[in-house]
Amino acid sequence: MNDDFARLDATAQAALVRSGEVQPIDLVDAAIDRAEHLDPQLNALIHPRYEAARAEAHSELPDGPFRGVPITLKDLWPSMAGEPWHQGVAALKNSGHIADVDSDLVTRYREAGFVIIGRTNTPELGLSASTEPDSHGPSRNPWNLDHSPGG
């Protein structure tokens, strides 16, 4: 697992892409590798979209300020067309609910050049201070697996 990029914030990662030192796929692959390594213990990433993210990283991304920088979205209100959208609600998960449209926030993230690698676990409708929904099970704090990371 390569943690070099994980130590950089989004602006530093974007600067590497702008300078030509790395390609968007390099950042996306490193983020996916890190997620695959850590998530089995954390249960943070509930809707990975790795292949779609890789395809986006290989495509002509918008020339926004964060071109090629990988991010995740909390599975609350920012919907993504064609992607699962459960908001921590077991009934939505069990019905296989898929979003119809991109929310304005997702549209703006994409215009900025971000590549969304997946959606993260959330309390049901974001109403609790800990991420322990029935729909996807509890997430764990990466610094102490006995604790919740919060909402």
Flag the pair N141 / D146 as yes when at least one side-chain heavy-atom distance between them is below 4.5 Å, and no otherwise. no

All heavy atoms of E132 vs all of S148, minimum pair found to be OE2-CB, 3.7 Å

Within the structure provided, determine whether Q23 and H58 are in side-chain contact (heavy-atom separation under 4.5 Å). no

Step by step, would you call N121 with S139 a side-chain hydrogen bond (donor to acceptor under 3.5 Å, both in side chains)? CA-CA 7 Å; N121 206 354; S139 288; 3.1 Å; yes

Do any N or O atoms from the side chain of N94 and from the backbone of A90 form a donor-acceptor pair under 3.5 angstrom? yes

Under 3.5 Å: donor-acceptor pair, side chain of S79, backbone of V101: yes

Applying the side chain to side chain contact (heavy atoms under 4.5 Å, CB included) criterion to Y109, which one of D102, L73, D104, V115 satisfies it? L73

Got S135 and E124 here, is their nearest side-chain heavy-atom distance under 4.5 Å? no

Heavy-atom pair of closest approach, residues P24 and G68: CB-CA, 3.5 Å

Provide the closest heavy-atom pair for V89 versus L125 in the form atom of the first, atom of the second, distance. CG2-CD2, 3.7 Å

Report the C-alpha separation of R108 and E111 in whole Å, then their side-chain angles, then the decisive distance to 0.1 Å, and conclude whether the salt bridge (Lys or Arg N to Asp or Glu O under 4.0 Å) test is met. CA-CA 5 Å; R108 289 175 187 256; E111 288 171 352; 5.9 Å; no

Spacing of I117 atom CD1 and D29 atom CG [to the nearest 0.5 Å]: 10.5 Å

Nearest non-hydrogen partners of Q87 and T122, listed with the distance: C-CG2, 3.6 Å

Looking at side-chain heavy atoms only, is the closest gap between R49 and E83 below 4.5 Å? yes

Between H86 and H136, how do the two ring planes meet: parallel, tilted or perpendicular, split at 30° and 60°? parallel

Side chain proximity check, L45 to R119, heavy atoms < 4.5 angstrom: no

Heavy atoms, side chains only, cut-off 4.5 Å: are P70 and Q13 in contact? yes

When the ring planes of F114 and F66 are compared, do they come out parallel, tilted or perpendicular, using 30° and 60° as the limits? parallel

Step by step, work out the side chain to side chain contact (heavy atoms under 4.5 Å, CB included) result for V69 and V17. CA-CA 8 Å; V69 175; V17 172; 5.7 Å; no

After noting the C-alpha distance and the side-chain angles of Y50 and E36, does the key distance pass the side chain to side chain contact (heavy atoms under 4.5 Å, CB included) rule? CA-CA 10 Å; Y50 300 151; E36 288 178 329; 3.7 Å; yes

Test N43 against R140 for side chain to side chain contact (heavy atoms under 4.5 Å, CB included), laying out the working first. CA-CA 7 Å; N43 191 38; R140 294 286 140 227; 6.0 Å; no

Could you see if L61 belongs to whatever hydrophobic cluster contains V28? Use Ile, Leu, Val, Met, Phe, Trp, Tyr and a side-chain cutoff under 4.5 Å. yes

Is any side-chain heavy atom of D75 less than 4.5 Å from a side-chain heavy atom of W85? yes

Does L42 offer a backbone N or O that forms a donor-acceptor pair with the side chain of D39 under 3.5 Å? no

Report whether I98 and M80 are members of the same hydrophobic cluster (ILVMFWY, side-chain heavy atoms less than 4.5 Å apart, transitive linking). no

To the nearest 0.5 Å, what is the distance between CG on L16 and CG on D26? 9.5 Å

Do Q41 and L145 come close enough that some side-chain heavy atom pair is under 4.5 Å? yes

Flag yes if I25 and V22 sit in one hydrophobic cluster, no otherwise; membership is Ile, Leu, Val, Met, Phe, Trp, Tyr, and two members link when side-chain heavy atoms are under 4.5 Å apart. no

Taking atom CG of L127 and atom CG of L76, what is their separation to the nearest 0.5 Å? 9.0 Å

